[in-house]
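What follows is one structure encoded as structure tokens, with my remarks underneath.
Side-chain atoms are counted along with the backbone in the values below, which use heavy atoms only and exclude waters and symmetry mates. In this text the structure is predicted, and so the values were computed from the model without any measurement. As the structure lists them, so they are numbered: ligands from 1, and atoms in each ligand from 1.
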Amino acid sequence: MEISVQDYARECAEQGLRGDYLACRSDFTVEQSYDYDDAQQRVWRLLCDRQTELTQRLAHKSYLDGVEALGLLERIPDFDEVSDKLRARTGWELVAVPGLIPAQPFFDHLANRRFPVTNWLRHEDELDYIVEPDMFHDFFGHVPILTQPQFADFMQMYGARAGDAIALGGDEMITRLYWYTSEFGLIQEPGGPMKAFGAGLMSSYSELKFAVESADAHRVPFDIETVMRTGYEIDKFQRAYFVLPSFEALSEAFSALDLEALVKRWKDAEPLDPATV
Ligand code: HBI
Ligand code: FE
């Protein structure tokens, strides 16, 4: 049985999470309530201007096309306006959430092509790193790439099948797949340059540079079984970045995957060390 909004809100308050979870509907969504003041608009512009300098050079073209298609970043986006443009391209839309929500409703939103975007923004003194995903990470990081058709299909399939993996005890394995693609994924098309598309990279000044340009970054050709067996840390630069040859390769690998057999085989095994995969 899924956790109730009230219980989850209490847990989040105890953990000191920032969002107003008591305002949630039963699917953990809230109104965006577009009431951001000038200071918040300035923080948004600061974050976007600085990050855009890097993404112009280091982000994959389909991410940049997405930014172009969904409208400029001068103002904090109105989620409904962006949803209209996004829906027309890949059938995705945005829903506002107060922050991290339980895995099951999160996956259910993805399965229905709804991407949850946090409705609050970090403060000016948190520009470089923030523990909880805020609107900048969720929107600037995750949304533009949802205009890329094959990645959009992968994210929907991921949401639709993640519940099965969890039911088989594969919650860590299915989370790794999201982590090493949607959060920290790289892509290098045949004969093309190395580029980034993962939201954790799109929304981090220092790690985006490191992942794409540093000789010290450990870049590994994408293999879905290896990805789902490789552990990760959340509070430092990744010790492995997996590189896709194309977005089709990701959606094809996932739809061809015998998820049940893979989870049964490896769910209790020691995770692979990302530094040595
Ligand atoms: N909730 N709002 C939000 N955003 C996320 O990215 C998110 C989440 N809840 C669960 C979750 N991610 C993780 O389980 C992912 O690894 C799937
Ligand atoms: Fe994220």
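Judged as a salt bridge (charged side-chain N to carboxylate O under 4.0 Å, His left out), and not counting sequence neighbours, the contacts of Glu31 are Arg25. Every residue two or more places apart in sequence or in another chain that forms a salt bridge (charged side-chain N to carboxylate O under 4.0 Å, His left out) with Asp108 is listed here: Arg114.
For the pair Arg219 (side chain) and Val212 (backbone), a donor-acceptor distance under 3.5 Å is present. The backbone N or O of Tyr178 sits nowhere less than 3.5 Å from a side-chain atom of Ser182 that would complete a donor-acceptor pair.
We find that Asp38 and Arg42 are not joined by a salt bridge, their nearest charged nitrogen and carboxylate oxygen being 4.0 Å or further apart.
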Give the table of side-chain donor-acceptor pairs shorter than 3.5 Å for residues 262-277, with sequence neighbours excluded, one pair per line with atom names and distance.
residue : atom : partner : partner atom : Å
Lys264  : NZ   : Glu260  : OE2          : 2.9
Asp273  : OD1  : Ala275  : N            : 2.9
Thr276  : OG1  : Asp273  : O            : 3.1

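For the residue pair Leu110 and Met155, the shortest heavy atom distance occurs at CB-O, 3.8 Å.
Draw a line from the Fe ion (ligand 2) to NE2 of His137 and another to NE2 of His142, and the angle between them is 100° (to 10°).
At a cut-off of 2.8 Å, Glu183 coordinates the Fe ion (ligand 2) through an N, O or S atom.
Taking a heavy-atom cut-off of under 4.0 Å, ligand 1 is surrounded by Val97, Gly99, Leu100, Ile101, Phe106, Phe107, Thr175, Tyr178.
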